[in-house]
Amino acid sequence: MSTYRQRVRGLLGQMTGADGKIALAGLGTLAASVVGTGIRFLIQVALANWMGAAEFGRFVTGRGWGELLSKVPNRGYELTAVRYLPMYEEQRDWGRYNGFVRLSQLETLSLGVALGAMVAAGYTALADEPDAAIVAGMLIVPALSGVYMGRALLQGAHHVVTATTLIDVVLPLGMATLIGGTFVLAGDVKAEVALLILAGVMAAVAFTETVLVRRNLPREARRAAPVSERRLWVSTARTLFIAQLAIAVLTIADVLIVSAAVGRVEAGLYAVATRIAVLGRLVNSGLESVVAGRRARAPGVGEMPAGLRAGDASVRLGRRAAIGGGRVGGGRGDPSG
């Protein structure tokens with residue numbers, strides 16, 4: 001362990017200026033991710049014990065449908081935010097900066113509410129015995145899509161550690177506190193009650209992100225009249241959204257398939273068992289969220305070398321900070337618990 005600490009210190013000592021800022025922000029993001037992953041894992045175990053296998057299975061099924069559909073309302077806006085906001089900031093195109101923030105938040109909220117309400121109504125009307133947990137899970141759709149959009153806007157404005165802390169630490173802690181308090185007061189927790197609490201905490205985090213986005217909006221963007229390039233933004237987002245939705249299906253649909261195939265009790269047990277799988281991507285997710293805006297800004301202002309240097313910094317830090325990694329040398333979050 002002492003050798004590992006020396007390697008990390010040596011790497012950080014070599015990084016100055018922009019690289020040093022990337023390293024510092026990456027470590028802050030990584031710390032929030034590590035803490036959040038531990039909290040979410042403990043929450044999964046606690047919820048399974050508080051609710052029992054059957055109720056927890058209903059909970060993860062309702063949550064799974066809500067999380068899967070929550071990718072639809074922003075239609076890739078969250079991915080394009082990290083591309084366009086740094087570029088508009090560098091070009092001092094404050095009208096489009098302001099326009100992107102306003103349009104992305106408005107469309108995400110509107111479509112999230114509409115989609116959640118439509119799916120809940122359709123499911124209730126068509127299902128022979130509708131499960132209240134799945135209906136309650138539809139409240140997650142607008143709340144979580146708002147969380148994703150707010151996180152992307154904060155990252156695009158270079159508030160990466162704040163965005164990660166809100167979604168990886170504050171959100172699961174708030175959920176655990178309220179659900180745990182309900183268990184203490186009532187003696188048990190029903191799946192639909194837990195989902196209502198989860199959706200409420202997500203909505204609170206999304207509102208906090210919105211306030212922070214508005215408060216940290218550059219003064220020039222705040223004063224500028226919003227300019228919309230909706231066709232450009234949507235066309236850019238479309239391809240990214242398809243890839244994002246495919247990844248969401250791969251990461252969420254397994255729980256839904258297990259629930260449909262062998263029952264919700266087994267789905268609950270499966271959800272707890274798979275939580276540990278997220279540990280392997282902690283370092284990469286922390287670093288990529290920090291350098292994404294820096295890389296995106298470079299092509300828009302003809303500074304490709306700056307983008308390449310940012311990528312180099314992230315790769316070097318990721319390789320050298322890996323536990324059990326090689327010698328120091330040359331070379332190159334499910335927010336809901």
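Note that the structure is predicted; figures quoted are calculated from it, not measured.
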CA sep, side-chain torsions, deciding dist, call: Tyr88, Asn98, side chain to side chain contact (heavy atoms under 4.5 Å, CB included): CA-CA 9 Å; Tyr88 290 150; Asn98 193 8; over 6 Å; no
Which atom of Glu78 lies closest to which atom of Ala152, heavy atoms considered: O-CB, 3.0 Å
Geometric cation-pi criterion, Lys71 with Phe241: 6.0 Å, 45°: no
Would you compute the distance between atom CG of Leu153 and atom CG of Asn216 and round it to the nearest 0.5 angstrom? 11.5 Å
Please confirm whether the backbone N or O of Leu217 pairs with a side-chain atom of Arg222, one donor and one acceptor, at under 3.5 Å? yes
Minimum heavy-atom distance between Ile167 and Pro172, given as atom pair plus value: O-CD, 3.6 Å
Separation of Thr162 OG1 from Arg151 CZ (nearest 0.5 Å): 14.0 Å
What I'd like to find out is whether the side chain of Ile179 reaches to under 4.5 Å of the side chain of Leu198, using heavy atoms alone. no
Treat each ILVMFWY residue as a node, draw an edge where side-chain heavy atoms are under 4.5 Å apart, and state whether Leu196 and Phe56 are in one component. no
Using a 6.0 Å cut-off, check whether atom CH2 of Trp233 has over 12 heavy atoms from anything other than its own residue. yes
Val72 and Met118: same hydrophobic cluster, using ILVMFWY side-chain contacts below 4.5 Å? yes
Looking at Arg92 and Glu220, does any basic side-chain N land under 4.0 Å from a carboxylate oxygen? yes
Taking C-beta and beyond as the side chain, do Trp94 and Arg223 meet within less than 4.5 Å on heavy atoms? no
Relative to each other, are the rings of Tyr84 and Phe100 parallel, tilted or perpendicular (30° and 60° limits)? tilted
Show your reasoning for whether side chain to side chain contact (heavy atoms under 4.5 Å, CB included) applies to Tyr97 and Leu85. CA-CA 6 Å; Tyr97 191 111; Leu85 291 187; 4.0 Å; yes
For a 4.5 angstrom cut-off between non-hydrogen side-chain atoms, does Trp65 reach Ile140? no
Note: Ala136 and Glu192 closest approach over all heavy atoms is CB-O, 4.0 Å
If you measure from CG on Asn74 to CD on Glu107, what distance do you get to the nearest 0.5 Å? 10.5 Å
Treating Ile, Leu, Val, Met, Phe, Trp and Tyr as nodes and any side-chain heavy-atom pair under 4.5 angstrom as an edge, say whether Val201 and Leu139 lie in one connected cluster. no
Find the distance between CG (Leu47) and CZ (Phe183) and round it off to the nearest 0.5 Å. 10.5 Å
Kindly indicate whether the side chain of His159, heavy atoms from C-beta on, has any atom under 4.5 Å from the side chain of Leu212. no
Set out, in order, the CA-CA distance, both residues' side-chain angles and the distance that settles side chain to side chain contact (heavy atoms under 4.5 Å, CB included) for Asp131 and Tyr123, then state yes or no. CA-CA 9 Å; Asp131 188 346; Tyr123 170 74; 3.5 Å; yes
Which heavy atom of Glu209 sits nearest a heavy atom of Leu154, and at what distance? CG-CD1, 4.1 Å
Nearest 0.5 Å, what's the CZ-OG distance between Arg96 and Ser228? 9.5 Å
4.5 Å side-chain heavy-atom contact, Val189 and Phe59: no
When every non-hydrogen atom of Ala81 is compared with those of Met149, the smallest separation belongs to CB-CE, 4.2 Å
Note: Met138 and Gly116 closest approach over all heavy atoms is CB-O, 3.6 Å
Is the closest side-chain heavy-atom distance between Glu67 and Leu144 below 4.5 Å? yes
When you measure from the side chain of Thr108 to the backbone N and O of Gln105, does any donor-acceptor pair fall under 3.5 Å? no
Under 4.5 Å between side-chain heavy atoms, counting indirect links through other Ile/Leu/Val/Met/Phe/Trp/Tyr residues: same cluster for Val147 and Leu173 or not? yes
Nearest 0.5 Å, please: how far is CZ in Arg215 from OG1 in Thr208? 10.0 Å
Hydrophobic cluster membership, with links at side-chain heavy-atom distances under 4.5 Å among I/L/V/M/F/W/Y: are Phe207 and Val113 in one? no
Run the side chain to side chain contact (heavy atoms under 4.5 Å, CB included) test on Leu111 and Leu115 for me, step by step, so that the C-alpha distance in whole Å, both residues' side-chain angles and the decisive distance to 0.1 Å come before the verdict. CA-CA 6 Å; Leu111 291 175; Leu115 179 62; 5.8 Å; no
Got Val213 and Val101 here, is their nearest side-chain heavy-atom distance under 4.5 Å? yes
